[in-house]
Amino acid sequence: MSYKLLIVDDDQALLKMLESYFTIKGYEVCSAVTGEEAMEKCRNRTDLILLDISMPGMDGLEVCRQIRKEVSCPILFLTAKVEEQDRVNGLLSGGDDYILKPFSLKELEARIIAHLNREERRRVSSEYRFRDGLLIDYTTREVRLDGKGIEFTRTEYAIIEFLSKHPGQVFDRERIYEHVCGYDAEGDSRGITELVRRIRKKFAEHGETEFIETVWGVGYRWIN
């Protein structure tokens, strides 16, 4: 089965070039030129989304926030310029990586392959039960506490998965960011602090048990 890519960009010339390149490479390619069109097309099976940030009308960040309610596949932002706050906002909206324009097609393909391979590794994972009624199903990406499901964004879940698979080990923000977004990601690790805060808040709404501990001056670790 070939992977299906959804490419969203209002630059028609770039869109046609990407469609042609990845079709030749064996991918099934679907495209959209507006955020609204992207939201409609992502309802079909999609393995990875390339999403331009600067589009008229609904921009890429808002599109990402909206489609995260329906899809869990990797979303890679395409953008000509990224400020620090943009990178943080991208993470918080549910994006996985940034590709800065202009980019080489080989580098873009390498990023896509890395994210798709990471998805495959996650699919073969299995359910694991932790203490105090916490259950994480690594196959379906479900998190349940005392039998009740907790909704996490894709990036929040990726942090939970990474830390919970390495209980007791301390990781700094940079290492967590590298794992979640890729070693060659263009973003910024400072968004991890806010994401961990949100994860803790969601756990706290369902119980009093702490699962992620802050090791001051170093980073975070999963308490098992």
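FYI, the numbering just counts along the sequence from 1. Because the structure is predicted, anything quoted here is derived from the model rather than measured.
By the side chain to side chain contact (heavy atoms under 4.5 Å, CB included) test, Lys4 is found to be paired with Glu28, Cys30, Asn44, Arg45, Asp47, residues two or more places apart in sequence or in another chain being considered. Residues passing the ring-ring contact (aromatic ring centres under 6.0 Å, His included) test with His206, sequence neighbours excluded: none.
Taking the centre of each ring, Tyr27 and Tyr21 stay at or above the 6.0 Å mark.
Glu161 contributes no side-chain N or O that, together with a main-chain N or O of Tyr157, makes up a donor-acceptor pair within less than 3.5 Å. Ser54 places no side-chain N or O within donor-acceptor distance of the main-chain N or O of Asp59, the cut-off being under 3.5 Å. For the pair Lys202 (side chain) and Glu151 (backbone), a donor-acceptor distance under 3.5 Å is present.
In the hydrophobic clustering, where aliphatic and aromatic side chains (Ile, Leu, Val, Met, Phe, Trp, Tyr) are joined below 4.5 Å either directly or transitively, Val215 groups with Val170, Val218.
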(request) For side chain to side chain contact (heavy atoms under 4.5 Å, CB included), just list the numbers for Tyr3 and Lys25, CA-CA rounded to whole Å, side-chain angles, deciding distance to a tenth of an Å, and then say yes or no. (result) CA-CA 10 Å; Tyr3 288 111; Lys25 289 291 185 176; over 6 Å; no
(message) Would Ile160 and Phe211 count as a side chain to side chain contact (heavy atoms under 4.5 Å, CB included) here? Give the steps.
(response) CA-CA 9 Å; Ile160 292 171; Phe211 295 100; over 6 Å; no
(request) Any chance you could lay out the side chain to side chain contact (heavy atoms under 4.5 Å, CB included) test for Thr193 and Tyr220, step after step, and finish with the verdict? (result) CA-CA 10 Å; Thr193 301; Tyr220 303 100; 3.8 Å; yes
(request) Would you please test Phe22 and Glu109 for side chain to side chain contact (heavy atoms under 4.5 Å, CB included) and show each step? (result) CA-CA 8 Å; Phe22 285 108; Glu109 184 180 14; 4.1 Å; yes
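Residue Asp9 holds its CG atom at 11.0 Å from CD1 of Ile53, rounded to the nearest 0.5 Å. Rounding to the nearest 0.5 angstrom, the gap separating the CD1 atom in Ile136 from the CG atom in Leu145 is 10.0 Å. Distance check, rounded to the nearest 0.5 Å: CZ of Arg68 to OG1 of Thr155 gives 6.5 Å. Note that the OG atom of Ser72 and the CG atom of Asp96 stand 10.0 Å from one another [nearest 0.5 Å]. Rounded to the nearest 0.5 Å, atoms CD1 (Ile159) and CZ (Phe171) are 12.5 Å apart. The distance from the CG atom of Leu6 to the CD1 atom of Ile49 is 5.0 Å, given to the nearest 0.5 Å.
In terms of heavy-atom proximity, Gly26 sits nearest to Ser2 at O-CB, 3.2 Å. Here the closest heavy-atom approach between residue Val33 and residue Glu37 is recorded as N-OE1, 3.0 Å. In terms of heavy atoms, Phe77 sits closest to Ser93 at CZ-OG, 3.8 Å. The nearest pair of heavy atoms linking Cys64 to Gly94 is SG-C, 3.6 Å. Arg173 and Ile192 make their closest contact through O-CG1, 3.9 Å (heavy atoms, listed as atom of the first residue, atom of the second, distance).
A salt bridge links Asp52 and Lys101; the closest N-O separation between the charged side-chain nitrogens and carboxylate oxygens is under 4.0 Å. Using a 4.0 Å cut-off between a side-chain N of Lys or Arg and a carboxylate O of Asp or Glu, Arg141 and Glu119 qualify as a salt bridge. With respect to Glu19 and Lys16, no salt bridge is recorded, no charged nitrogen being found less than 4.0 Å from a carboxylate O. The pair Arg65-Glu62 counts as a salt bridge, with a side-chain nitrogen and a carboxylate oxygen less than 4.0 angstrom apart.
Trp222 has its side chain within reach of Ile212: a pair of non-hydrogen atoms, C-beta onward, lies under 4.5 Å apart. When side chains are defined from C-beta on, Arg131 counts as touching Ile223, because their heavy atoms get closer than 4.5 Å. The shortest side-chain heavy-atom distance between Val63 and Val8 does not fall under the 4.5 Å cut-off. Side chains of Arg200 and Thr214 form a contact here, defined as non-hydrogen atoms less than 4.5 Å apart. Between Glu210 and Phe203, the closest side-chain pair of non-hydrogen atoms is not below 4.5 Å. Leu134 places none of its side-chain heavy atoms less than 4.5 Å from the side chain of Thr209. At least one side-chain heavy atom of Leu163 sits under 4.5 Å from a side-chain heavy atom of Ile176. Counting heavy atoms from C-beta on, the side chains of Leu105 and Leu18 come closer than 4.5 Å.
Under the 3.5 Å distance criterion, with hydrogens and angles disregarded, a donor-acceptor pair is assigned to the side chains of Asp97 and His115.
Residue Glu208 places its CD atom among 12 or fewer non-hydrogen atoms of other residues, nucleotides or ligands, all under 6.0 Å distant.
Under the 30°/60° scheme for interplanar angles, the aromatic rings of Tyr138 and Phe130 are found to stand perpendicular.
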